[in-house]
**Student:** 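Please see the structure below; I have some questions.
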Amino acid sequence: MTVPALTAETRWRCTLCGNLTRFDVTRSARVTEFLHFDLAGESKVEETEVLSETVESVRCRWCNAVDQVELVARPGAEDVADPAEQG
């Protein structure tokens, strides 16, 4: 099943129990990271560039349903006008 992608105007909702806030997400990502090592050899990631990312599955933490999510509008998203539509 394809997992719908989130946008600035949408969020996930479990279709079985209505959960909007707790999900376990399995994803694959290909990233380039800039690592900074101190003199003791400890590393810290200072920059991350996501080259590609795929959401493989989403499991609801409330009812344990797998891949039962839909996209719904975020609160207030309909109030934000598209700048291209303003004239």
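Here, residue 1 is the first one in the sequence, and each next residue gets the next number.
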**Student:** Which residues pass the salt bridge (Lys or Arg N to Asp or Glu O under 4.0 Å) test with E53, sequence neighbours left out?
**Tutor:** R27
**Student:** What residues form a side chain to side chain donor-acceptor pair (under 3.5 Å) with R13, not counting sequence neighbours?
**Tutor:** E70
**Student:** Can you sort out the partners of L6 under side-chain contact (heavy atoms from CB on, under 4.5 Å), two or more places apart, ordered by chain and number?
**Tutor:** W12, L71
**Student:** With ILVMFWY side chains joined below 4.5 Å, transitively, what does L20's cluster contain besides itself?
**Tutor:** V72
**Student:** Suppose the criterion is salt bridge (Lys or Arg N to Asp or Glu O under 4.0 Å): which pairs have a residue in residues 32-50, not counting sequence neighbours?
**Tutor:** none
**Student:** Quick one: list whatever passes side-chain contact (heavy atoms from CB on, under 4.5 Å) with N64, sequence neighbours left out.
**Tutor:** R59
**Student:** Considering residues at least two apart in sequence or located in another chain, which fulfil the side-chain contact (heavy atoms from CB on, under 4.5 Å) criterion with S28?
**Tutor:** E56
**Student:** Please list all pairs passing the ring-ring contact (aromatic ring centres under 6.0 Å, His included) test where one or both residues lie in residues 27-56, with sequence neighbours left out.
**Tutor:** none
**Student:** Tell me, do T21 and W62 make a side-chain contact under 4.5 Å, heavy atoms counted?
**Tutor:** yes
**Student:** What residues form a salt bridge (Lys or Arg N to Asp or Glu O under 4.0 Å) with R11, not counting sequence neighbours?
**Tutor:** none
**Student:** When rounded to the nearest 0.5 angstrom, what distance separates CG in L35 from OG in S43?
**Tutor:** 5.5 Å
**Student:** Would you please name every residue forming a side chain to side chain donor-acceptor pair (under 3.5 Å) with T10, sequence neighbours left out?
**Tutor:** T7
**Student:** Could you pull out the closest heavy-atom pair between V69 and T15, with the gap in Å?
**Tutor:** C-CG2, 4.3 Å
**Student:** What's in the same ILVMFWY side-chain cluster as L51, cut-off under 4.5 Å, chained through other members?
**Tutor:** none
